[in-house]
A.B. asks: 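Before I ask anything, let me first share the structure, which is written out below as structure tokens.
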Amino acid sequence: MANLGIYIQVPFCQTKCTYCNFHTGVASPGRFAPYAAAVCHEIGYHRALLESVGVALGDVFRPQSHSVDTVYVGGGTPSLLEPELLADMLQALRTNFECFFTEITLEADPETIDAQKAAQWAAAGFNRISFGTQSFVDEELKAAGRMHRRADIYRAVPILRAVGICNISCDLIAGLPKQTHASWRQSLSEAIALGPEHISIYLMEIDEGSRLGLEVLQNGSRYSAKDIPSEEAMAEFYELAQLELKSAGYVQYEISNWAKPGLESRHNLKYWQRQPYLGFGAGAHSFSGAQRWANRHDAAAYVGAISEGKSAVESVDTLTPALALEEEFFLGLRQLSGIEIGHIERRYGVSLAEKVEELASRGMLEKRGELVRLPANKLSVSNEIMVELLRSVPVVAGAAR
Ligand code: SF4
């Protein structure tokens, strides 16, 4: 029986962080229960809803062939929801799928955590918290529009451990406004000292999807846009993180992710390994192996469609061999374990050996038998290497690219 991951999107936040480029919004608590009910309905009727928009599930996701082992409830800030609503969503999964849960993650912001909520999360089955730490420096948190402060992080972690949630992941952002080499070193060392099982490090993205990104692109000064570290500084922050986390016993297993041995995110590994997953909720994405589809982002439109008994899917893409191969590189090579090049050559009928050898001779790839991976010191230029590898394959299995 194959494993299946389930993602549930909760697109609500208390405020909008200046750097946020996600499709999330501030919503009144009165919208939480109807939203959760819509998610439960979508879970209950997913097969009929998907077939109505041309998603061919076939045997994929049937209880006889697939059991759900990982769930990830992300956002947004899903920890804002009443715990009963989160429990309802997990119960809907148990009712509608064969479930052998090994990892159930909840994204939680530090200021939203209290002892009662944490106990209810644990009772519902959540056993992993992905914690929006971002920084341990109040000045940076404030400039970024975050609701929590350093003290909230120290208050929340013991609460989680006390209720038995002992798999904790902390996120840090390299490149926040007002961040310096010294403050980055401080955030890193405080995160390590806190002893989470998993740490994710994200580089600040400057694009027009966020208020801060737009301000930087327009050369403005709002949102502390002038106080963003340079690209060179961000690259140095990342390299420092690689060194410090390694010496603290964390293993880097993906471009942005480090874990204590054996505590990698089982759910997120499915994305990079192109295993099937189903997404529920506004803006949630899904992958069957042959098709990718996505729900509409607007939470009100999502609830409206589901409550009328309609699908909330707004796009369905059937993967060509060329697109699938592109994904093998762009997702697979994010993992430090690398990809099996022989397997890919056989699967897509392509020859990669010559290009791999060339890139390896330039120190851009590492080869170990059939396995090919990015060297740890080249992760910051991963996209360029992936593009070069892809360019060496002009035509894939008869499908012009
Ligand atoms: S909490 Fe996360 S999702 Fe919500 S606004 Fe901030 S960065 Fe965006």
Side-chain angles (χ1 to χ4, degrees), residues 7-29 31-32 35-36 39 72-81 85-86 105-114 117 121 128-150 152-153 155-156 160 168-179 187 191 196 198-216 222-225 228 234 256-257 265 267-268 279-285 294-300 302:
Y7 178 83
I8 296 176
Q9 168 73 352
V10 178
F12 306 124
C13 292
Q14 298 183 89
T15 56
K16 191 79 177 167
C17 305
T18 62
Y19 59 85
C20 181
N21 56 7
F22 297 137
H23 291 278
T24 59
V26 179
S28 72
R31 291 179 58 195
F32 298 166
Y35 183 82
V39 169
Y72 194 107
V73 183
T77 309
S79 56
L80 284 178
L81 263 55
L85 300 180
L86 296 169
T105 302
L106 176 70
E107 281 187 352
D109 281 350
E111 79 283 4
T112 63
I113 295 174
D114 63 42
K117 269 186 171 178
W121 295 339
R128 185 172 184 273
I129 294 291
S130 177
F131 206 30
T133 325
Q134 319 311 4
S135 166
F136 283 74
V137 178
D138 282 351
E139 191 190 20
E140 294 170 15
L141 293 168
K142 199 172 159 200
R146 297 289 310 185
M147 290 290 284
H148 76 280
R149 296 292 177 263
R150 174 177 175 273
D152 292 310
I153 303 168
R155 186 186 55 78
L160 296 172
I168 296 176
S169 179
C170 282
D171 292 351
L172 290 178
I173 299 177
L176 285 172
K178 299 187 182 293
Q179 201 166 53
S187 284
H198 188 280
I199 295 184
S200 302
I201 308 252
Y202 299 107
L203 295 185
M204 171 66 78
E205 288 178 17
I206 302 298
D207 61 41
E208 55 197 21
S210 73
R211 287 178 292 157
L212 174 61
L214 198 57
E215 194 69 11
V216 173
R222 288 183 298 172
Y223 316 120
S224 304
I228 291 207
M234 277 193 238
S256 303
N257 289 287
S265 165
H267 182 83
N268 288 344
F280 298 108
H285 288 240
N295 280 348
R296 53 182 62 183
H297 284 110
D298 183 81
Y302 166 82

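Start at 1 and go down the list; that is how both ligands and their atoms are numbered. Counting begins at 1 with the first residue of the sequence.
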A.B. asks: Just to be sure I understand the cut-off, which residues have at least one non-hydrogen atom under 4.0 angstrom from an atom of ligand 1?
C.D. replies: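 The 4.0 Å shell around ligand 1 contains C13, T15, K16, C17, Y19, C20, F22, T24, G76, T77, D109, R146.
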A.B. asks: Using 30° and 60° as the class boundaries, would you call the ring planes of Y35 and Y302 parallel, tilted or perpendicular?
C.D. replies: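 Rings of Y35 and Y302: tilted, 30 to 60°.
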A.B. asks: Measure the acute angle between the ring planes of H297 and H23, then classify it against the limits of 30° and 60° as parallel, tilted or perpendicular.
C.D. replies: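 Plane angle under 30°, so parallel.
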A.B. asks: Taking only residues two or more places apart in sequence, or in another chain, which ones meet E139 in a side-chain hydrogen bond (donor to acceptor under 3.5 Å, both in side chains)?
C.D. replies: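 For E139, no residue satisfies side-chain hydrogen bond (donor to acceptor under 3.5 Å, both in side chains) once neighbours in sequence are set aside.
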A.B. asks: Give the minimum heavy-atom separation between G76 and T24, together with the two atoms involved.
C.D. replies: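 The answer is N-CG2, 3.2 Å.
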A.B. asks: Residues in side-chain hydrogen bond (donor to acceptor under 3.5 Å, both in side chains) with K178, at least two apart?
C.D. replies: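 Residues passing side-chain hydrogen bond (donor to acceptor under 3.5 Å, both in side chains) with K178: D227.
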A.B. asks: Which residues pass the side-chain hydrogen bond (donor to acceptor under 3.5 Å, both in side chains) test with S200, not counting sequence neighbours?
C.D. replies: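 Partners of S200 under the side-chain hydrogen bond (donor to acceptor under 3.5 Å, both in side chains) test: N257.
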